[in-house]
Amino acid sequence: MNILCTICARNNSQGLRNKNIKRLLGKPLIYYSIKQAFNSKIFNEIVVSTDSDKIERIAIQNGTKTIGKRPQHLSFGNVSKIDVIRHAVKKIEYINKEKFDIIFDLDITSPLRLKSDIVNSFKKFKKSSANNLITVCKSKKNPYFNMIEIKKNRVKISKNFSNKINSRQKAPRVYDMNASIYIWTRKCLFSKSPIFNNKTDYFEMPFERSIDIDSETDFKIVEFFFKKNIAIYRDVM
């Protein structure tokens, strides 16, 4: 089985400027996803897709294979990440002259994942009949109980349920996509429905490993968890 890991790092990220190379405990943020990918020992190839010379240099220095910078039309904030991943897959397949069976994507802004999350999500994927897998964590808010929408200046609960729900504990369980790990078969990745098809599986991660950095506050929380759990993350320090 030929397995590829992609790591996507656009320059001039929105939300938190240059977050992909912002220093976290002395190392650029992208370093942690690269290190976790290598530590998992399940990938035949690890590539970084970027439009930045600086990010490309960091990626190569940390052992990933260069595929060249991504084209400009895939470097804007409104571009689908799926398109970026597909481009990276095609580039490395052209360079290696071989196709990959399974494609992972590790999001740089979710550095609190552990090696075990990568390995165990893959084990679950292999055991299932799924063609793709996403990682999730339990949601703190519930659309059946305490999430609202404003329609025509009126407040309403986001999702209706046949019976009135008086507590969050009685509401259907819902999850947040934590954007940490994605897995696809190659066929699924290049299909019309690469996510949320009838063969999508999930792997649950705890909240403390599911923080997605999109602001300075998120960054400080991640930094706090790293320092608090320094022994757990020693292999990527």
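- Put simply, the side chain of P111 reaches to within 4.5 Å of the side chain of L29, judged on heavy atoms.
- Note: K90 NZ to K99 NZ = 9.0 Å, rounded to the nearest 0.5 Å.
- Closest of all the heavy-atom pairs between C8 and V84 is SG-CG1, 3.8 Å.
- Residue K220 places its NZ atom among 12 or fewer non-hydrogen atoms of other residues, nucleotides or ligands, all under 6.0 Å distant.
- Note on F100 and I102: separate hydrophobic clusters, where clusters join Ile, Leu, Val, Met, Phe, Trp and Tyr whose side-chain heavy atoms are under 4.5 Å apart, directly or indirectly.
- Note: I60 CD1 to T66 OG1 = 4.0 Å, rounded to the nearest 0.5 Å.
- Using a 4.5 Å cut-off on side-chain heavy atoms (C-beta onward), S139 and Y175 make no contact.
- Note that the CE atom of M177 and the CG atom of D212 stand 10.5 Å from one another [nearest 0.5 Å].
- In this structure, E208 and L112 have side chains that are not in contact, with every pair of non-hydrogen atoms separated by 4.5 Å or more.
- Checked against side chain to side chain donor-acceptor pair (under 3.5 Å), D107 has the following partners two or more places apart in sequence or in another chain: K81, T109.
- Qualifying side-chain contact (heavy atoms from CB on, under 4.5 Å) partners for I195, counting only residues two or more places apart in sequence or in other chains: I82, N132, I134, Y182, W184.
- When each of D105, L4, I7 is paired with I85, the side-chain contact (heavy atoms from CB on, under 4.5 Å) condition holds for D105 and for no other.
- N178 places no side-chain N or O within 3.5 Å of a backbone atom of C137 that could act as its donor or acceptor partner.
- Among residues two or more places apart in sequence or in another chain, the salt bridge (Lys or Arg N to Asp or Glu O under 4.0 Å) test is passed with D51 by none.
- Side-chain contact between E98 and N2: present, with at least one pair of heavy atoms (C-beta onward) separated by less than 4.5 Å.
- With rounding to the nearest 0.5 Å, the separation of OG in S52 from CZ in R10 is 11.5 Å.
- Nearest heavy-atom pair across C188 and S191 is O-OG, 2.6 Å.
- Contacts of F145 classified as ring pair (Phe, Tyr, Trp, His ring centres under 6.0 Å), with partners at least two apart in sequence or in another chain: none.
- Residues forming a side chain to side chain donor-acceptor pair (under 3.5 Å) with K27 (at least two apart in sequence, or on another chain): none.
- Considering CD1 of I55 and OG1 of T50, their distance stands at 4.0 Å, rounded to 0.5 Å.
- A ring pair (Phe, Tyr, Trp, His ring centres under 6.0 Å) check over residues 210-237, counting only residues at least two apart or in different chains, returns the pairs Y32-F226, F226-Y233.
- With respect to D235 and K115, no salt bridge is recorded, no charged nitrogen being found less than 4.0 Å from a carboxylate O.
- Between atom CD1 of residue I30 and atom NZ of residue K22 there is a gap of 16.0 Å, rounded to the nearest 0.5 Å.
- I183 and I103 fall into different hydrophobic clusters, defined by Ile, Leu, Val, Met, Phe, Trp and Tyr side-chain heavy atoms under 4.5 Å apart, directly or through other members.
- Look at R186 and E93 and you find a salt bridge, because one of the NZ, NE, NH1 or NH2 atoms lies within 4.0 Å of a carboxylate O, short of that distance.
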Practice problem: Please lay out, stage by stage, how D218 and L16 fare under the test side chain to side chain contact (heavy atoms under 4.5 Å, CB included). | Solution: CA-CA 9 Å; D218 296 332; L16 181 59; over 6 Å; no
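- At a threshold of 4.0 Å, the pair E223-R23 does not count as salt-bridged, since none of the basic side-chain nitrogens sits closer than that to a carboxylate oxygen.
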* Asked: side chain to side chain contact (heavy atoms under 4.5 Å, CB included) between V89 and F190: does it pass, once the steps are laid out?
  -> CA-CA 10 Å; V89 172; F190 286 91; 3.9 Å; yes
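- Residues passing the salt bridge (Lys or Arg N to Asp or Glu O under 4.0 Å) test with R113: none are found, sequence neighbours excluded.
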Enumerate donor-acceptor pairs with a distance under 3.5 Å from any side-chain N or O in residues 116-125 to protein atoms, sequence neighbours excluded.
| residue | atom | partner | partner atom | Å |
| --- | --- | --- | --- | --- |
| D117 | OD1 | R209 | NH2 | 2.8 |
| D117 | OD2 | L114 | N | 2.8 |
| D117 | OD2 | R209 | NE | 2.8 |
| N120 | ND2 | S116 | O | 3.1 |
| S121 | OG | D117 | O | 2.8 |
| S121 | OG | I118 | O | 2.9 |
| K124 | NZ | Y202 | O | 2.5 |

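- E204 meets the salt bridge (Lys or Arg N to Asp or Glu O under 4.0 Å) test with K138; sequence neighbours excluded.
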Please table the atom pairs, donor to acceptor, closer than 3.5 Å between any side-chain atom in residues 40-49 and protein atoms at least two apart or in another chain.
| residue | atom | partner | partner atom | Å |
| --- | --- | --- | --- | --- |
| S40 | OG | A37 | O | 2.7 |
| N44 | OD1 | I3 | N | 2.6 |
| E45 | OE1 | N96 | ND2 | 2.9 |
| S49 | OG | R70 | NE | 3.1 |
| S49 | OG | R70 | NH2 | 3.4 |

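- Across all their heavy atoms, A9 and I108 have their closest contact at CB-CD1, 3.3 Å.
- Between the side chain of Y31 and the backbone N or O of A59 there is no donor-acceptor pair closer than 3.5 Å.
- Partners of D176 under the salt bridge (Lys or Arg N to Asp or Glu O under 4.0 Å) rule, at least two apart in sequence or in another chain, do not exist in this structure.
- Between the side chain of S110 and the main chain of L106, no donor-acceptor pair closer than 3.5 Å is present.
- Hydrophobic clustering of Ile, Leu, Val, Met, Phe, Trp and Tyr side chains at less than 4.5 Å, counting indirect connections, unites I232 with I221.
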Under 3.5 Å, sequence neighbours excluded: what are the donor-acceptor pairs made by side chains of residues 148-160?
| residue | atom | partner | partner atom | Å |
| --- | --- | --- | --- | --- |
| S158 | OG | M147 | O | 3.1 |

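- No continuous path of hydrophobic side-chain contacts links F196 to V174 [ILVMFWY only; heavy atoms under 4.5 Å].
- Closest approach of D201 to A130, counting heavy atoms only: CB-CB, 3.6 Å.
- With no hydrogens or angles considered, no side-chain donor-acceptor pair links N131 and T185 at under 3.5 Å.
- Linking ILVMFWY residues whenever their side-chain heavy atoms come closer than 4.5 Å, directly or via other members, places L133 and M1 in the same cluster.
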Discussion item. For N39 and V236: C-alpha separation, side-chain torsions, deciding distance, then whether side chain to side chain contact (heavy atoms under 4.5 Å, CB included) applies.
Written reply: CA-CA 8 Å; N39 285 350; V236 294; 3.8 Å; yes
Test side chain to side chain contact (heavy atoms under 4.5 Å, CB included) on R86 and L189; report intermediate values, then the result.
CA-CA 7 Å; R86 286 169 173 165; L189 178 63; 4.1 Å; yes
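- Contact check for T6 versus F104: no side-chain heavy atoms found under the 4.5 Å cut-off.
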